[in-house]
**Student:** 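Structure provided below as structure tokens; questions to follow.
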Amino acid sequence: MEPLPRLQRARRPPSDRALLRAVGDGRLDQFRHLYHRHYRAAYAYAVSCMPAPLDAHGLVRQAFKEVADKALSQQALSTPYYGCLRQNLIDCIRRRAVAQFPKAANSLSPAFRDWVARGCLWPLAEDGQLALAFSQLSPLSRCLVWHSLVENDTLAVISTITGVEAGSLAQAQLHARQSLHRARANLYLLRSERPVCQHENILPVPRSEALAADWTAVAPRTFLCPECPVPPGLVDLDLHLEAQLPPALLGWWPGHAYLRAKESLPPQAVAPPLRTTPARHRRSRPITASLGPAVAPSRGHSPLTGRRRDAVMAAIPMLVVLLLIGVTTSVLVLSGSVQS
């Protein structure tokens, strides 16, 4: 009886954080995973600002290049939206599109051009507290809230982007939602000159099995401390997050048109924009997820021939010096024989 073939366990795709760290370590070939993973969403937002395909594609490439440059210069860990690369890309696209006004105002979409002409006003109903509460979350919590409530991504997509196992994703989403409610409530208490909540949430946490189908089905009131006053609008915060959070963070938001455009676009096959120079400081950090095979050396340029070439180039200056010494010695000898 022939032995059964050994089944290899499929490796999970690397998270955005793992890929950015790999790029920061000089593995530029790994940036293509980020590019293909987020291009459709970035382009869907870009066409809401500049509808011409070439103009929108140019905005997207510039945004990705900015992300790659930050990763290569070791700034990725300090960027405000490091936990949510999608939000970082969209924010960069909006800023670059605003810079096109007024010199290229005709290339902007009418709605976006009007928004810029009015001074890029944020929604009047937003007092800044929601955006501030969101910025106080951990990078992982920001990423979970954004992709769950704003992007409406599937659990598989969110698991790939964040690196959270599918079995733990529902509980992680619940924790992120709790953190946002608590941060928003604490800001309300501070503004109303009341002490910040120091109580522990003693209410039972719903089972993760019930959250797998719809993690927004849990009543938000269970996240609030029963000992503290409930801020206005916090009880039904989740009902409005999809509409309120993106404008509070970005200013300009095309709404459901962005989601429709994102789903209708085909996968991107264009090569990402990358710097040709390596990272200035490469670090040696193990990557927990599989990042794919390294780029093989091109034909005719093996590591052995490269070392030989470097040795030859290093020996050239010494050969020149020896040659000059020999020529000088010969001249002296000849001059001496002539004088004699």
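Residues: numbered from 1 along the sequence shown. Small disclaimer: the values here were computed from a predicted structure and weren't measured.
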**Student:** Report yes or no: does W252 contribute a side-chain atom to a donor-acceptor pair with the main-chain N or O of C120 at less than 3.5 Å?
**Tutor:**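 Pair absent, no side-chain N/O of W252 close to backbone of C120.
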**Student:** So with a 6.0 Å cut-off around CG of L54, is the heavy-atom count from everything else above 12?
**Tutor:**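 Open: at most 12 neighbouring heavy atoms sit under 6.0 Å from CG of L54.
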**Student:** Linking I/L/V/M/F/W/Y whenever their side-chain heavy atoms sit closer than 4.5 Å, directly or via other members, would L265 and I93 fall into one cluster?
**Tutor:** yes
**Student:** Who passes side-chain contact (heavy atoms from CB on, under 4.5 Å) against S264, sequence neighbours left out?
**Tutor:**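 If we apply the side-chain contact (heavy atoms from CB on, under 4.5 Å) test to S264, skipping adjacent residues, there are no hits.
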**Student:** Would you say the rings of Y43 and H38 are close, in the sense that their centroids are separated by under 6.0 Å?
**Tutor:**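 No; Y43 has its ring centre 6.0 Å or more from that of H38.
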**Student:** Please say whether more than 12 non-hydrogen atoms of neighbouring residues, nucleotides or ligands are located less than 6.0 Å from CG in D114.
**Tutor:**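 Yes, CG of D114 has more than 12 neighbouring heavy atoms, counting only those of other groups under 6.0 Å.
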**Student:** Would you name the heavy atoms of S159 and V164 that are closest together and state the gap between them?
**Tutor:** OG-O, 2.5 Å
**Student:** Let's go through D25 and R21 carefully: what are the C-alpha distance in whole Å and the side-chain angles of both, what is the deciding distance for salt bridge (Lys or Arg N to Asp or Glu O under 4.0 Å) to 0.1 Å, and is it a yes or a no?
**Tutor:** CA-CA 6 Å; D25 288 337; R21 285 186 171 182; over 6 Å; no
**Student:** Verify, without hydrogens or angle tests, whether S141 (side chain) and L137 (backbone) share a donor-acceptor contact under 3.5 angstrom.
**Tutor:** no
**Student:** Do you know the tightest heavy-atom contact between R142 and S135?
**Tutor:** NH1-O, 3.5 Å
**Student:** Which pair of heavy atoms, one from S109 and one from S48, lies closest together, and at what distance?
**Tutor:**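 In terms of heavy atoms, the two residues are closest at OG-O, 2.7 Å.
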**Student:** Checking side-chain contact (heavy atoms from CB on, under 4.5 Å) between I161 and each of C143, P13, C84, S15, which is the one that passes?
**Tutor:** C143
**Student:** Take R95 and E66, measure what salt bridge (Lys or Arg N to Asp or Glu O under 4.0 Å) needs, and give me the verdict at the end.
**Tutor:** CA-CA 12 Å; R95 287 187 283 105; E66 181 175 312; 3.2 Å; yes
**Student:** Which one of E242, R86, Q87 satisfies the side-chain contact (heavy atoms from CB on, under 4.5 Å) criterion with E151?
**Tutor:** R86
**Student:** Has the side chain of R184 got a donor or acceptor atom that lies under 3.5 Å from a matching backbone atom of H181?
**Tutor:**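 Side chain of R184 to backbone of H181, a donor-acceptor pair under 3.5 Å: no, none is there.
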**Student:** Who are the ring-ring contact (aromatic ring centres under 6.0 Å, His included) partners of Y258, not counting sequence neighbours?
**Tutor:** W253
**Student:** Evaluate the salt bridge (Lys or Arg N to Asp or Glu O under 4.0 Å) criterion for residues K262 and D153: first the C-alpha distance (whole Å), next the side-chain angles of each, then the deciding distance (0.1 Å), finally the verdict.
**Tutor:** CA-CA 11 Å; K262 182 180 68 171; D153 285 327; 3.4 Å; yes
**Student:** Using the test side-chain contact (heavy atoms from CB on, under 4.5 Å), find all partners of Q100 that sit at least two apart in sequence or belong to another chain.
**Tutor:**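 By the side-chain contact (heavy atoms from CB on, under 4.5 Å) rule, Q100 matches M50, K103, A104, L108.
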